[in-house]
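Note: hydrogens, waters and symmetry copies are ignored here, and every other heavy atom, side chains too, is used.
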Amino acid sequence: MKWTDIYDIAAALADAHPDVDPSQVRFTGLRDMVLALPDFSDDPKHCGEKILEAIQQAWIEEQD
C-alpha cells in the first residue's frame with residue numbers, strides 16, 4: 001500500500017485496531033499506525049496532513 005491507497009489503509013487500520021476510536025487518534029499516532037501496517041511500503045516523507053485527514057475520515061466511515 002501507498003499513501004494514496006486511502007481506503008485500503010483505512011480498512012487495514014480498522015482490522016488492526018478494532019478497539020481504537022479513529023476520531024481520537026492524533027495525526028502523529030495515525031502516521032505511526034500506518035507505517036506499522038505490514039502491507040504498507042511507501043516513503044514516510046510523502047505523507048502530509050491532508051493525506052492523514054483523508055485516512056482518518058475513511059477509517060471513521062469504515063467503522064460505521
Side-chain angles (χ1 to χ4, degrees):
M1 284 183 284
K2 305 290 184 195
W3 288 113
T4 54
D5 299 321
I6 302 295
Y7 295 102
D8 293 336
I9 292 171
L13 288 170
D15 290 343
H17 304 283
D19 297 331
V20 173
D21 179 355
S23 66
Q24 299 301 311
V25 177
R26 294 178 184 259
F27 285 163
T28 53
L30 178 58
R31 181 179 176 274
D32 292 341
M33 289 174 157
V34 172
L35 292 173
L37 291 172
D39 293 334
F40 186 80
S41 62
D42 201 354
D43 189 337
K45 295 176 187 172
H46 292 163
C47 174
E49 190 172 323
K50 281 191 160 211
I51 290 175
L52 291 171
E53 187 176 358
I55 292 170
Q56 186 178 43
Q57 187 60 41
W59 186 7
I60 290 168
E61 292 169 6
E62 181 75 24
Q63 285 194 327
D64 288 342

Within the structure provided, determine whether Leu30 and Leu13 are in side-chain contact (heavy-atom separation under 4.5 Å). yes

Looking only at heavy atoms, what is the nearest atom pair of Met1 and Leu37, with distance? CE-CD1, 4.1 Å

Distance in Å, Thr4 OG1 paired with His46 NE2, rounded so as to fall on 0.5 Å steps: 11.0 Å

Side-chain (Asp64) to main-chain (Glu61) donor-acceptor, under 3.5 angstrom: no

Among all residues two or more places apart in sequence or in another chain, which pass the side chain to side chain donor-acceptor pair (under 3.5 Å) test with Ser41? none

CG/Asp21 to CD1/Ile60 distance, rounded to the nearest 0.5 angstrom? 7.0 Å

Got a donor-acceptor contact below 3.5 angstrom from the Gln63 side chain to the Val20 backbone? yes

Close side-chain approach of Phe27 to Glu53, heavy-atom, < 4.5 Å: yes

Taking all non-hydrogen atoms of both residues, which atom of Ala14 and which atom of Glu62 are closest, and how far apart? CB-CG, 3.7 Å

Minimum heavy-atom separation for Gln56 to Val25, with atom names? NE2-O, 3.0 Å

Going by side chain to side chain donor-acceptor pair (under 3.5 Å), name the residues that satisfy it together with Asp15, two or more places apart in sequence or in a different chain. none

Anything under 30° is parallel, anything over 60° is perpendicular, the rest tilted; go ahead and classify Trp3 against Phe40. perpendicular

Nearest atoms (heavy-atom pairs only) where Ala10 meets Ile55: CB-O, 4.2 Å

